[in-house]
Amino acid sequence: LTDATGKVVDRYDKVTLWNGGNDFQFLHFRDALIQELAEGLNVDTMASEPCLLFIDGEFLGFYLLRERVDAEHLEAHYGLHQDEVAVIKNNALDDGTEEDLTAFKEFTTWAMNADMTDAQNYEKFCETVDVASFIDYMAVETYINNNDWASTGMNNWQVWRSKTVVPDVPQANGKWRFVLYDTDVSAGIYNNYKTMANYDSLANNMPVTKTYNFPAILKSLMKNDAFREQFHARYVYIIDNNFSKTRAIETLNAYVAAYETVTCDTYRRFGMGNEVVFYPQELQIITDFFNARPEYARSYLDAYCEANAK
């Protein structure tokens with residue numbers, strides 16, 4: 001794992017011992033897989049390392065050691081001091097000042113309803129938010145059909161910004177950037193229709209919350225011709241590259257080869273025999289998702305852009 005300059009990150013102030021979250025009884029690695037597929041995009045992702053837990057010699061299961069995106073993470077990856085950053089997670093201040101939280105809340109409330117065809121309004125948005133990061137974030141969340149993110153309200157979201165501009169660090173541009181995390185309620189999980197490949201998150205995700213409503217902000221921005229063209233082009237790029245059928249299935253197969261045995265051993269350890277029996281079924285569900293999703297996502301994207309151009 002390397003930082004923004006290519007140097008190896010070899011020190012961590014804290015890590016998370018991840019049991020798979022909502023994917024614990026299914027594949028165990030869904031979030032880590034999606035994070036890896038999203039690597040290289042304009043969003044922060046969390047690296048993972050496999051871990052077998054033993055206490056007094058007793059096997060207590062397979063876990064993933066996960067990064068946490070906080071002030072320490074930003075210092076390790078971008079060389080930014082904790083006093084130089086603001087981090088907001090799920091409506092709450094993680095690092096920074098109350099003024100940072102208030103300013104972002106007021107800004108998102110404004111952006112939901114602003115006329116983005118007005119050049120001054122769109123300029124204000126672009127000066128406050130890293131547009132490339134916002135686009136990549138919205139594309140990934142809607143592509144994977146994350147149903148624990150923007151259904152009736154906003155959940156599992158995180159943003160950060162550097163309070164000073166650091167010319168040698170593109171991410172430290174003083175604008176709000178987005179973090180991808182907790183994406184496990186997606187990609188076919190639970191056989192829920194909202195996570196399946198044929199669900200249209202772009203058209204149907206519209207939380208009722210009056211603040212931090214990123215789908216509403218996206219809808220507002222889509223009225224701007226330049227933004228809409230940029231969003232469409234970048235979404236297509238992400239479909240064809242990060243989440244292409246070939247890349248997604250190859251990465252999935254690598255995870256299965258590495259983790260299937262220890263995952264099933266963990267299920268047996270905790271008396272979860274049914275999960276072992278149904279593991280091949282769960283694997284087929286996510287395989288079907290990644291095979292079918294590109295065509296559905298492209299058609300939904302075209303329709304969304306056309307509908308919001310009017």
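- H73 and Y78 have perpendicular rings, their planes meeting at more than 60° on a 0 to 90° scale where under 30° would count as parallel.
- In the model, K219 has a side-chain atom that pairs as donor or acceptor with a side-chain atom of N308 under 3.5 Å.
- A donor-acceptor pair is defined here as one N or O able to donate and one able to accept, closer than 3.5 Å; no such pair exists between the side chain of T16 and the backbone of W18.
- N121 and D115 are not linked by any side-chain donor-acceptor pair at a separation below 3.5 angstrom, with hydrogens and angles left out of the test.
- Side chain of Y300 to main chain of N198: a donor-acceptor pair is present (N/O by atom type, distance under 3.5 Å, no hydrogens or angles).
- Minimum heavy-atom separation, R298 to I239: N-CD1, 3.9 Å.
- In the hydrophobic cluster analysis, where Ile, Leu, Val, Met, Phe, Trp and Tyr join through side-chain heavy atoms closer than 4.5 angstrom, I189 is grouped apart from L252.
- Within the model, atoms OG of S48 and CG of L33 stand 10.0 Å from one another, a figure rounded to the nearest 0.5 Å.
- Inter-residue side-chain proximity for L37 and F290 is flagged as met; some heavy-atom pair is nearer than 4.5 Å.
- No side-chain N or O of Q171 forms a donor-acceptor pair with one of H77 less than 3.5 Å apart.
- Using a 4.0 Å cut-off between charged nitrogen and carboxylate oxygen, R234 and D136 count as a salt-bridge pair.
- With no hydrogens or angles considered, no side-chain donor-acceptor pair links T45 and Y181 at under 3.5 Å.
- For D130 and K175, the salt-bridge test fails: no basic side-chain N is under 4.0 Å from an acidic carboxylate O.
- Put simply, the side chain of L27 reaches to within 4.5 Å of the side chain of Y279, judged on heavy atoms.
- The backbone N or O of K124 lies less than 3.5 Å from no partner atom in the side chain of E127, so there is not a single donor-acceptor pair.
- The side chain to side chain donor-acceptor pair (under 3.5 Å) check on N19 picks up nothing, with sequence neighbours excluded.
- For E295 and K245, the salt-bridge test passes: some basic side-chain N is under 4.0 Å from an acidic carboxylate O.
- Linking ILVMFWY residues whenever their side-chain heavy atoms come closer than 4.5 Å, directly or via other members, leaves L283 and V185 in distinct clusters.
- With hydrogens and angles disregarded, no donor-acceptor distance shorter than 3.5 Å links the side chain of N22 to the backbone of D184.
- When all heavy atoms of F59 and L52 are compared, the pair lying nearest together is CE1-CD2, 4.1 Å.
- Between the side chain of R68 and the backbone N or O of V15, no donor-acceptor pair lies under 3.5 Å.
- Salt bridge absent: D83 and K163 never bring a charged side-chain N and a carboxylate O closer than 4.0 Å.
- By the ring pair (Phe, Tyr, Trp, His ring centres under 6.0 Å) test, F214 pairs with W157, F178, sequence neighbours left out.
- Taking Y63 as the reference, nothing meets the ring pair (Phe, Tyr, Trp, His ring centres under 6.0 Å) condition, with sequence neighbours excluded.
- Below 30°, between 30° and 60°, or above 60°: for F227 and F231 the angle between ring planes is below 30°, a parallel geometry.
- The backbone N or O of N156 lies less than 3.5 Å from a partner atom in the side chain of N90, making a donor-acceptor pair.
- Salt bridge absent: K89 and D70 never bring a charged side-chain N and a carboxylate O closer than 4.0 Å.
- Take Y267 and apply the ring pair (Phe, Tyr, Trp, His ring centres under 6.0 Å) test, not counting sequence neighbours, and it matches no residue.
- Aromatic ring pairs are classed by plane angle as parallel below 30°, tilted from 30° to 60° and perpendicular above 60°; the pair Y193 and Y199 is perpendicular.
- Between E67 and A47, the closest heavy-atom pair is OE1-N, 2.9 Å.
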* Step by step, would you call T97 with D100 a side-chain hydrogen bond (donor to acceptor under 3.5 Å, both in side chains)? -> CA-CA 5 Å; T97 67; D100 296 317; 3.1 Å; yes

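- Nearest heavy-atom pair across S201 and N145 is OG-OD1, 2.6 Å.
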* To do: Please step through side-chain contact (heavy atoms from CB on, under 4.5 Å) for the pair V276 and R268, ending with a clear verdict.
  => CA-CA 8 Å; V276 177; R268 295 186 186 97; 3.5 Å; yes

* Starting from the C-alpha separation in whole Å, work towards a yes-or-no answer on side-chain contact (heavy atoms from CB on, under 4.5 Å) for L17 and C51. => CA-CA 8 Å; L17 191 63; C51 170; 4.1 Å; yes

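- For F26, the ring pair (Phe, Tyr, Trp, His ring centres under 6.0 Å) test picks out Y190, with sequence neighbours left out.
- Geometrically, R293 engages Y143 in a cation-pi contact defined by less than 6.0 Å to the ring centre and at most 45° from the axis.
- Taking each heavy atom of N146 and S186 in turn, the nearest pair found is CA-CB, 3.8 Å.
- Between M196 and N191 there is a side-chain heavy-atom pair separated by less than 4.5 Å.
- Taking the six-membered ring for Trp, Y259 and H28 have ring centres at least 6.0 Å apart.
- A distance of 8.5 Å separates CG in L80 from CD in E75, rounded to the nearest 0.5 Å.
- Rounding to the nearest 0.5 Å places CD1 of I144 at 10.5 Å from OG1 of T195.
- With rounding to the nearest 0.5 angstrom, the CD atom of E39 is 11.5 Å from the CG atom of D44.
- Residues Q82 and D95 bring a donor and an acceptor atom of their side chains to less than 3.5 Å of each other.
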* To do: Report the C-alpha separation of V159 and R177 in whole Å, then their side-chain angles, then the decisive distance to 0.1 Å, and conclude whether the side-chain contact (heavy atoms from CB on, under 4.5 Å) test is met.
  => CA-CA 5 Å; V159 296; R177 291 177 53 83; over 6 Å; no

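- Two residues are said to be in side-chain contact when any heavy atoms from C-beta on lie closer than 4.5 Å; P294 and S244 fail this criterion.
- Using modelled atom types, one side-chain atom of T142 and one backbone atom of A139 make a donor-acceptor pair closer than 3.5 Å.
- The closest side-chain heavy-atom distance from M272 to F24 is below 4.5 Å.
- The closest donor-acceptor contact from the side chain of T108 to the backbone of Y212 lies under 3.5 Å.
- Atoms CG and CE, on L218 and M116 in that order, are 10.5 Å from each other to the nearest 0.5 Å.
- Here D265 does not pair with R269 in a salt bridge; the nearest charged N to carboxylate O distance is not below 4.0 Å.
- In terms of modelled atom types and a separation under 3.5 Å, the side chain of Y255 and the main chain of A32 share a donor-acceptor contact.
- Linking Ile, Leu, Val, Met, Phe, Trp and Tyr residues whenever their side-chain heavy atoms come within less than 4.5 Å places W149 and L301 in a single cluster.
- In terms of hydrophobic clustering, with Ile, Leu, Val, Met, Phe, Trp and Tyr side chains grouped at heavy-atom distances under 4.5 Å, I249 and F243 are assigned to a common cluster.
- Every residue two or more places apart in sequence or in another chain was checked for a side chain to side chain donor-acceptor pair (under 3.5 Å) with R161, and none qualifies.
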* Asked: Do V179 and V43 pass the side-chain contact (heavy atoms from CB on, under 4.5 Å) test, and can you show the C-alpha distance, the side-chain angles, and the key distance before you say yes or no?
  -> CA-CA 5 Å; V179 179; V43 292; over 6 Å; no

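- A side-chain donor from one of D31 and T183 sits under 3.5 Å from a side-chain acceptor of the other.
- Linking ILVMFWY side-chain heavy atoms closer than 4.5 Å, directly or via other members, places I34 and L202 in a single hydrophobic cluster.
- Atom CG of N113 and atom NZ of K210 lie 10.0 Å apart (nearest 0.5 Å).
- Of all the heavy atoms in A111 and S220, the pair that sits closest is O-OG, 3.3 Å.
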